[in-house]
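Values below: all heavy atoms of this structure, side chains included; hydrogens, waters and symmetry mates excluded.
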Amino acid sequence: MTGASAHEVQPAVADLNFEGRTVSVVVRMALEAPVAGIDLQGLFDTNEAENSESYDTMRALDPLGFENEVRGFWPTMADKITLRAGETEIELALAGVEVPEVGNVELPRTSTLRLEGALPRGSEPVVFGWTGDLGALVIRDVSREDGYTGFVTNGGLSDPIERRAGGVFGGVRRLFGD
């Protein structure tokens, strides 16, 4: 892999799971860039960013050290995320951070954020997204087999995502092939 492609910006992936009145969101991304203050909107290579040295320093941190950096950054990141059911904003809490061991620091490492929120009563669909500085985002509803998949850039929001969880209803549908 060349030096330029080693710092190539990849989209994040957010998996939404609806279970009763709870939504869990699992985000997988190279978190070093936003923690280092790099604006990913329109950026293709982190070497071109103003804070690229800070990014490289973050990538070399051991998992616990970087997890602490992520937890410290979480309030800032939380303000950049939108999750809404109808007109109701859903607050997401940080439920966990998983950071892989430091490997080849020339390659990005994908860390995982686990987020949870309480869904309001009702059945209004949700929309999900974040500000453009966090980069492009693949959004998937993993609650059921035929769930939503979308791609947003520049701070866009997903199309409305139905809140039907797979649960019993989804199991019955699969069982009878409906």
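Cluster annotation: Y148 is not connected to V138 through the hydrophobic network of ILVMFWY side chains, with a link wherever side-chain heavy atoms come within less than 4.5 Å. Residues W130 and V127 do not share a hydrophobic cluster, defined by chaining ILVMFWY side chains whose heavy atoms lie under 4.5 Å apart. Residues V26 and V99 fall into different hydrophobic clusters, defined by Ile, Leu, Val, Met, Phe, Trp and Tyr side chains chained together at heavy-atom separations under 4.5 Å.
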Would you mind writing out the side-chain donor-acceptor pairs for residues 69-94 within the sub-3.5 Å range, not counting sequence neighbours?
| unit_1 | atom_1 | unit_2 | atom_2 | d |
| --- | --- | --- | --- | --- |
| R71 | NE | E67 | OE2 | 3.0 |
| R71 | NH2 | E67 | OE2 | 3.2 |
| K80 | NZ | D133 | OD2 | 2.5 |

When the side chains of residues 151-162 are checked against the rest of the protein, which donor-acceptor pairs come out under 3.5 Å, sequence neighbours left out?
| unit_1 | atom_1 | unit_2 | atom_2 | d |
| --- | --- | --- | --- | --- |
| N154 | OD1 | Q41 | NE2 | 3.4 |
| S158 | OG | F128 | N | 2.9 |

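In this structure, L134 and M29 approach most closely via the heavy-atom pair O-CE, 3.8 Å. Residues R163 and G122 come closest through the heavy atom pair NH2-O, 2.6 Å. What you find for L119 and G20 is that their closest heavy atoms are CD1-O, 3.8 Å. The nearest pair of heavy atoms linking P11 to L137 is CB-N, 4.4 Å.
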Self-check item: Verdict with reasoning, V27 to L115, per side chain to side chain contact (heavy atoms under 4.5 Å, CB included)
Solution: CA-CA 8 Å; V27 177; L115 315 173; 4.2 Å; yes
Self-check item: Stepwise side chain to side chain contact (heavy atoms under 4.5 Å, CB included) check, R140 with V13
Solution: CA-CA 8 Å; R140 305 184 299 195; V13 176; 3.6 Å; yes
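Considering only heavy atoms from C-beta on, V23 stays 4.5 Å or farther from V126 through its side chain. Looking at V102 and F66, their side chains never come closer than 4.5 Å, going by heavy atoms from C-beta outward.
For residues 23-32, the pairs satisfying side-chain hydrogen bond (donor to acceptor under 3.5 Å, both in side chains) are D15-R28, E32-R109, with sequence neighbours left out.
Listed by chain and number, the residues in a side-chain contact (heavy atoms from CB on, under 4.5 Å) with E98 are T112, R114 (sequence neighbours excluded). Taking Q10 as the reference, E8 meet the side chain to side chain donor-acceptor pair (under 3.5 Å) condition, with sequence neighbours excluded. For R21, there are no salt bridge (Lys or Arg N to Asp or Glu O under 4.0 Å) partners, not counting sequence neighbours. Shown here are the side chain to side chain donor-acceptor pair (under 3.5 Å) partners of S111, two or more places apart in sequence or in another chain: there are none.
Taken to the nearest 0.5 Å, the CG atom of N68 stands 9.5 Å off from the CG atom of L61.
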